[in-house]
2 protein chains.
Amino acid sequence: MATEVMSEDATGGPAKPMRADARRNYERLVEAARQVFTDQGGEASMETIAKQAGVGVGTLYRHFPKRIDVVEAVYRGDVETLVRAADRGPGELPPWEALEAFLRGYVAYARGKKVLINELHEAFDKNPGLKLESRDRIWAACGRVLARAQAAGMARSDIDGDDLMQLVSPMCVHATLTEEQGDRLLAMVLDGLRPPGPEKLS
Amino acid sequence: MATEVMSEDATGGPAKPMRADARRNYERLVEAARQVFTDQGGEASMETIAKQAGVGVGTLYRHFPKRIDVVEAVYRGDVETLVRAADRGPGELPPWEALEAFLRGYVAYARGKKVLINELHEAFDKNPGLKLESRDRIWAACGRVLARAQAAGMARSDIDGDDLMQLVSPMCVHATLTEEQGDRLLAMVLDGLRPPGPEKLS
DNA sequence: TTACTATACGGAGGGTGCCTCCGTTTTTCA
DNA sequence: TGAAAAACGGAGGCACCCTCCGTATAGTAA
């Protein structure tokens with residue numbers, strides 16, 4: 001992978017690479033924050049996150065000057081994981097399994113997003129590009145995974161990635177979705193995605 | 001009006017009426033909170049609210065044990081104002097003007113709701129009935145106002161209150177709605193609500 | 001009016017959370 | 001290996017939520 005963890009200047013361009021300990025702690029902190037937010041919800045304290053990462057709060061604040069920066073880093077990581085998994089498909093998973101894995105990954109992503117909902121709302125307000133960019137990346141990834149399944153004849157070809165996300169995304173956003181219900185509905189969607197059998201050709 | 005401000009027991013039944021000073025302060029506090037939330041946003045502090053009301057924080061906390069209780073009281077008041085205004089229509093305003101006033105009131109209500117969005121999310125989580133009940137009351141009020149306008153021949157009769165709310169409510173919820181845009185769109189909706197002229201009967 | 005009691009008031013202060021500051025430790029590089 | 005640069009850690013400042021309790025006042029009965 002080409003994206004090394006670095007400090008960035010205001011223009012977003014790469015700056016000096018981080019010192020080894022700094023980089024190690026950066027990664028620990030993001031992972032600790034993800035864990036703590038999952039366990040305790042979006043109001044978990046900075047002290048808790050630092051402790052979980054095994055560093056002092058000073059270190060946490062050097063890497064993430066404001067609380068919202070931690071939230072943003074966790075969220076960016078989640079999006080990254082989802083999109084990467086989509087493009088890891090070819091060569092590792094057959095096209096249909098890759099599609100199934102992507103959709104399951106999306107549901108998990110959406111669940112994680114829900115516990116940070118208030119925090120993310122603030123982050124999106126401050127930085128509207130983050131929301132749009134993330135959405136675009138995810139929808140595009142969905143399109144690629146679906147297209148591969150379609151090219152292999154494993155998925156019906158009369159819908160595209162945007163259609164699929166338009167169906168699944170609101171389902172995940174709706175407040176009353178339980179984990180089991182999400183699984184059942186996803187199974188149904190996947191069944192509906194299979195190419196129509198010969199007897200069903202109208 | 002029959003609803004006097006009282007303390008309530010756990011079952012919601014009426015208890016002893018409040019002492020005069022307590023009641024005065026209760027009302028001042030709700031109004032102060034509404035003002036402060038409008039001015040400073042939903043994260044305004046309890047101290048600020050108490051100061052704005054001219055009372056100590058102790059008094060604020062006696063009336064509203066948790067921060068979220070203040071939010072809920074403000075919200076309930078907003079709903080009450082909107083619904084009351086709807087039913088004040090007959091006798092005070094001609095049916096069409098009452099409908100117009102109701103919709104403008106709804107847009108204002110929705111705007112106020114937006115600054116409390118995070119707080120209300122929490123309140124609705126804790127008390128799901130609040131959300132549903134408020135929605136029902138508002139949609140029903142819309143139905144009554146629209147029905148009166150329809151009965152007077154001032155509004156087209158092929159849509160009902162639920163249709164109307166289904167149109168206007170998402171418009172207000174959407175994050176990017178500006179105040180001017182809301183006014184323009186509402187004007188358009190109102191034009192669309194007028195009964196079709198004779199020349200347009202298809 | 002007065003005296004008495006239940007009720008309400010006010011704000012100091014406890015606890016926690018975000019964030020800053022700076023002395024100490026570790027890494028890097030000549 | 002030694003010095004400079006970079007990063008670490010956590011005490012402490014500040015703001016906020018909420019509690020506690022001494023003081024003040026509305027309501028009531030004589």
Side-chain angles (χ1 to χ4, degrees), chain A residues 4-9 14-33 36-37 39-74 116 118-119 122-123 126, chain B residues 4-9 14-33 36-37 39-74 116 118-119 122-123 126:
Chain A
E4 213 169 332
V5 176
M6 301 188 168
S7 43
E8 294 191 351
D9 58 26
K16 271 199 285 187
M18 297 169 85
R19 230 172 69 174
D21 51 349
R23 170 166 177 167
R24 191 172 53 244
N25 281 335
Y26 178 96
E27 284 166 355
R28 271 186 196 165
L29 280 166
V30 176
E31 192 46 42
V36 168
F37 285 143
D39 291 352
Q40 307 192 7
E43 326 79 15
S45 76
M46 296 292 267
E47 275 74 6
T48 306
I49 293 169
K51 183 169 292 185
Q52 169 83 20
V55 304
V57 285
T59 300
L60 174 49
Y61 278 97
R62 192 163 329 93
H63 288 291
F64 306 101
K66 304 283 175 193
R67 190 174 195 286
I68 199 175
D69 298 320
V70 182
V71 173
E72 181 170 333
V74 168
L116 288 181
N118 282 354
E119 282 69 22
E122 192 187 340
K126 184 183 133 194
Chain B
E4 214 170 329
V5 176
M6 302 190 167
S7 43
E8 293 191 352
D9 59 26
K16 271 199 285 187
M18 297 169 84
R19 228 172 70 175
D21 52 349
R23 170 167 177 166
R24 192 171 54 243
N25 282 333
Y26 178 96
E27 285 165 355
R28 271 187 195 163
L29 281 165
V30 175
E31 193 46 43
V36 168
F37 285 142
D39 291 351
Q40 308 192 5
E43 326 80 17
S45 76
M46 296 294 265
E47 275 77 4
T48 307
I49 293 169
K51 184 169 291 184
Q52 168 83 20
V55 305
V57 285
T59 300
L60 173 49
Y61 278 97
R62 192 164 327 94
H63 288 290
F64 306 101
K66 304 283 176 192
R67 190 175 194 286
I68 199 176
D69 298 320
V70 183
V71 174
E72 181 171 332
V74 168
L116 288 181
N118 282 355
E119 281 68 22
E122 192 186 340
K126 184 183 131 194

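The figures here come from the full heavy-atom set of this structure, side chains too, leaving out hydrogens, waters and symmetry mates. Lettering follows sequence order; numbering is per chain, from 1.
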What is the distance, rounded to the nearest whole Å, between atom NZ of B/Lys51 and atom P of C/dC9? 19 Å
Looking only at heavy atoms, the pair that brings B/Ala32 and B/Ile49 closest together is CB-O, 3.8 Å
Roughly, in whole Å, what's the span from CD1 in A/Ile68 to P in C/dG17? 19 Å
Is there, by distance only and without an angle test, a donor paired with an acceptor across the side chain of B/Glu43 and the base of D/dC16 below 3.5 Å? no
What does nucleotides 2-10 of chain D look like as a protein-contact string, B for base, S for sugar-phosphate only, - for none, at under 4.0 angstrom between heavy atoms? ---BBSBBB
Measure the distance from CD1 on A/Ile49 to P on C/dC19 and round it to the nearest whole Å. 11 Å
Can you tell me how far P of D/dC16 sits from CZ of B/Phe64, to the nearest Å? 20 Å
Start with the C-alpha gap between B/Asp21 and B/Arg28, add the side-chain angles, then the distance that decides, and say whether salt bridge (Lys or Arg N to Asp or Glu O under 4.0 Å) holds. CA-CA 10 Å; B/Asp21 52 349; B/Arg28 271 187 195 163; over 6 Å; no
From CG of B/Leu60 over to P of C/dA8, roughly how many Å is that when rounded to an integer? 15 Å
Could you state the CZ-C1' distance from A/Arg67 to D/dA15, rounded to the nearest angstrom? 15 Å
Tightest non-hydrogen contact, residues B/Gly42 and B/Phe37, listed as O-CE2, 3.8 Å
Nearest-nucleotide wise, let me know which of B/Ala20 and B/Met46 is further upstream toward the 5' end of DNA chain D. B/Met46
How many whole angstroms separate atom OH of A/Tyr61 from atom C1' of D/dC14? 13 Å
Can B/Arg23 and B/Glu27 be counted as an ion pair, charged N to O under 4.0 angstrom? yes
What one should report as the nearest heavy-atom pair of A/Glu43 and A/Glu119 is N-OE2, 4.2 Å
Show the nearest heavy-atom pair for residues B/Met46 and B/Phe64, with the distance to one decimal. CE-O, 4.4 Å
